Amino acid sequence: MKSLLRQSNNLKKLSREWKQIRFYHTSIISYKDGIQVLEKDHNEVREMFKQYKQTSSPEEKEKILTQMIKELSKHTSAEEQYLYPLINEKLLENGKLLYDKNLLDDQINKEMLQFFEDHRAGKYSNPGDISLYNATVSKFMMNLEEHMKEEENLLFPELREKLSATELNNLGDNLQFAKQHAPKKTMKR
């Protein structure tokens, strides 16, 4: 719990710093609001899930998983910097609970992504190991799908109600900026 509180304080500090930076960046122009940016990311991840399930080639699975780690690391970093502070700020009734729950989901997902980085699919030849590895990927996909659906069905509609068009566009700009400058892999524990 102390670790989560420390992370929460660090994220709040980063959020304040990024809010200052966002006014100075002009190289990124967004034609999408922040929720559209996040929904596009979710659809791209779903497509990677589909590709992963459809291939039987360990090399192709490895390639897809590597791309998924890269994209999810950027997405998660951007959400933690910009989306989650907005949740805490704008959703007064349950904002703190949603904020903490999303941070918890992200922490679990980061641990799983780190597991995949540490245990590459291509290094297993035993059918039992391969089966266990693929089951772990499936469990991760199921957990992440649940997280994305919660955001899309509960969080995004509520945020869309609470945020002005300008705030939504600023969120989109900030998310895109953060994704361009985010780590491309999970942070080591």
Side-chain angles (χ1 to χ4, degrees), residues 1-15 17-18 37-85 87-88 98-152 155 174-189:
M1 192 65 167
K2 287 182 183 180
S3 174
L4 268 178
L5 290 173
R6 199 169 339 137
Q7 282 185 328
S8 176
N9 289 336
N10 288 340
L11 286 172
K12 287 176 186 174
K13 181 181 174 196
L14 279 173
S15 177
E17 292 171 2
W18 278 103
V37 170
L38 295 170
E39 288 172 334
K40 178 180 175 283
D41 287 354
H42 290 181
N43 290 332
E44 289 172 359
V45 167
R46 286 184 178 107
E47 183 59 31
M48 285 184 263
F49 284 173
K50 182 178 167 186
Q51 291 171 2
Y52 185 91
K53 289 177 185 177
Q54 289 176 342
T55 187
S56 59
S57 162
E59 294 81 18
E60 190 62 25
K61 284 184 182 283
E62 176 92 19
K63 182 179 166 187
I64 294 166
L65 202 51
T66 298
Q67 183 65 26
M68 198 181 306
I69 290 168
K70 177 182 169 187
E71 295 306 319
L72 286 171
S73 295
K74 294 187 312 184
H75 176 88
T76 299
S77 177
E79 279 189 332
E80 288 176 355
Q81 291 174 54
Y82 289 106
L83 179 65
Y84 298 166
I87 293 170
N88 206 20
L98 285 169
Y99 175 85
D100 289 342
K101 196 247 186 244
N102 277 290
L103 284 177
L104 177 62
D105 284 352
D106 282 358
Q107 188 59 40
I108 292 166
N109 289 335
K110 286 178 192 177
E111 292 290 330
M112 299 219 40
L113 290 172
Q114 186 64 53
F115 174 87
F116 298 134
E117 282 191 72
D118 294 344
H119 301 277
R120 294 299 185 165
K123 73 181 190 180
Y124 299 107
S125 57
N126 176 315
D129 291 343
I130 293 168
S131 178
L132 178 61
Y133 188 86
N134 287 333
T136 305
V137 173
S138 292
K139 181 177 181 176
F140 169 70
M141 290 177 180
M142 187 176 66
N143 289 340
L144 190 59
E145 179 61 35
E146 181 182 313
H147 172 80
M148 292 186 300
K149 282 182 179 177
E150 284 176 1
E151 285 185 342
E152 293 165 354
L155 180 62
N174 291 332
L175 290 167
Q176 290 179 27
F177 177 80
K179 285 172 48 181
Q180 287 185 345
H181 297 88
K184 308 283 188 284
K185 63 180 190 171
T186 57
M187 302 304 287
K188 293 283 186 187
R189 299 177 264 237

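Everything numeric here is computed off the predicted structure, so don't read it as measured data.
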Exercise for the section: Count the heavy atoms of every other residue, nucleotide or ligand shown that sit under 6.0 Å from NZ of Lys101, and state whether that count exceeds 12. Expected result: yes
Practice task
Determine, step by step, whether Glu117 and Lys70 satisfy the salt bridge (Lys or Arg N to Asp or Glu O under 4.0 Å) criterion, reporting the C-alpha distance in whole Å, the side-chain angles of both residues, the deciding distance to 0.1 Å, and the verdict.
Solution key: CA-CA 10 Å; Glu117 282 191 72; Lys70 177 182 169 187; over 6 Å; no
Exercise for the section: Could you tell me the separation between the CD1 atom of Ile87 and the OH atom of Tyr99, rounded to the nearest 0.5 Å? Expected result: 9.5 Å
Practice task
Check the side chains of Gln180 and Gln176 for a donor-acceptor pair under 3.5 angstrom, ignoring hydrogens and angles.
Solution key: no
Problem - Any Leu103 side-chain heavy atom under 4.5 Å of Glu80 side chain - result: yes
Problem - Distance in Å, Phe140 CZ paired with Leu113 CG, rounded so as to fall on 0.5 Å steps - result: 4.0 Å
Handout entry: Main-chain N/O of Pro58 paired to Glu62 side chain as donor or acceptor, under 3.5 Å
Key = no
Problem - 4.5 Å side-chain heavy-atom contact, His42 and Lys149 - result: no
Exercise for the section: With the side chain counted from C-beta on, respond yes when Glu145 and Met142 share a heavy-atom pair under 4.5 Å apart, and no when they do not. Expected result: no
Practice task
Report yes or no: do Asp118 and Gln114 form a side-chain donor-acceptor pair below 3.5 Å?
Solution key: yes
Problem - Ring centers of Tyr82, Phe177 separated by less than 6.0 Å - result: no
Problem - Test item: Leu98 and Asn88 side chains (from C-beta on) under 4.5 Å apart, heavy atoms - result: no
Problem - Atom pair CD1/NZ of Ile108 and Lys110 - distance to nearest 0.5 Å - result: 12.0 Å
Problem - Donor-acceptor side-chain pairing of His75 and Glu44 below 3.5 angstrom - result: no
Handout entry: Donor-acceptor pair between Tyr52 and Asn134 side chains, under 3.5 angstrom
Key = yes
Problem - Atom pair NE2/CG of His119 and Leu65 - distance to nearest 0.5 Å - result: 12.5 Å
Practice task
Quick one: do Glu79 and Glu151 satisfy side-chain contact (heavy atoms from CB on, under 4.5 Å)? Show the steps, please.
Solution key: CA-CA 11 Å; Glu79 279 189 332; Glu151 285 185 342; 3.0 Å; yes
Problem - Distance (rounded to the nearest 0.5 Å) between Met148 CE and Leu155 CG - result: 14.0 Å
Handout entry: Residues Arg46, Glu152: salt bridge by 4.0 Å N-O rule
Key = yes
Exercise for the section: For Tyr84 and Ala78, indicate whether the former's side chain and the latter's backbone hold a donor-acceptor pair under 3.5 Å. Expected result: no
Problem - Side chain to side chain, Glu47 and Asn43, heavy atoms closer than 4.5 Å - result: no
Practice task
Look at the side chain of Lys61 and the backbone N and O of Ser56, then say whether any donor-acceptor pair between them is shorter than 3.5 Å.
Solution key: no
Practice task
Please determine if Lys74 and Glu71 form a salt bridge, counting it only when a charged side-chain N lies under 4.0 Å from a carboxylate O.
Solution key: yes
Handout entry: Steps toward side-chain contact (heavy atoms from CB on, under 4.5 Å) verdict (Leu72, Asn109)
Key = CA-CA 9 Å; Leu72 286 171; Asn109 289 335; over 6 Å; no
Handout entry: Test log, rule side-chain contact (heavy atoms from CB on, under 4.5 Å), inputs Leu38 and Leu83
Key = CA-CA 10 Å; Leu38 295 170; Leu83 179 65; 3.7 Å; yes
Exercise for the section: Report the C-alpha separation of Thr136 and Met112 in whole Å, then their side-chain angles, then the decisive distance to 0.1 Å, and conclude whether the side-chain contact (heavy atoms from CB on, under 4.5 Å) test is met. Expected result: CA-CA 9 Å; Thr136 305; Met112 299 219 40; 3.9 Å; yes
Fill in the blank from the handout: Ser138 meets the side chain to side chain contact (heavy atoms under 4.5 Å, CB included) criterion, sequence neighbours left out, with none
Practice task
Indicate yes or no: does Lys179 engage Asp41 in a salt bridge with an N to O separation below 4.0 Å.
Solution key: yes
Problem - Pairwise distance CG(Leu144) to CG(Asp106) - rounded to 0.5 angstrom - result: 9.0 Å
Practice task
Could you tell me whether a side-chain N or O of Ser77 sits under 3.5 Å from a main-chain N or O of Ser73, the two making a donor and an acceptor?
Solution key: no
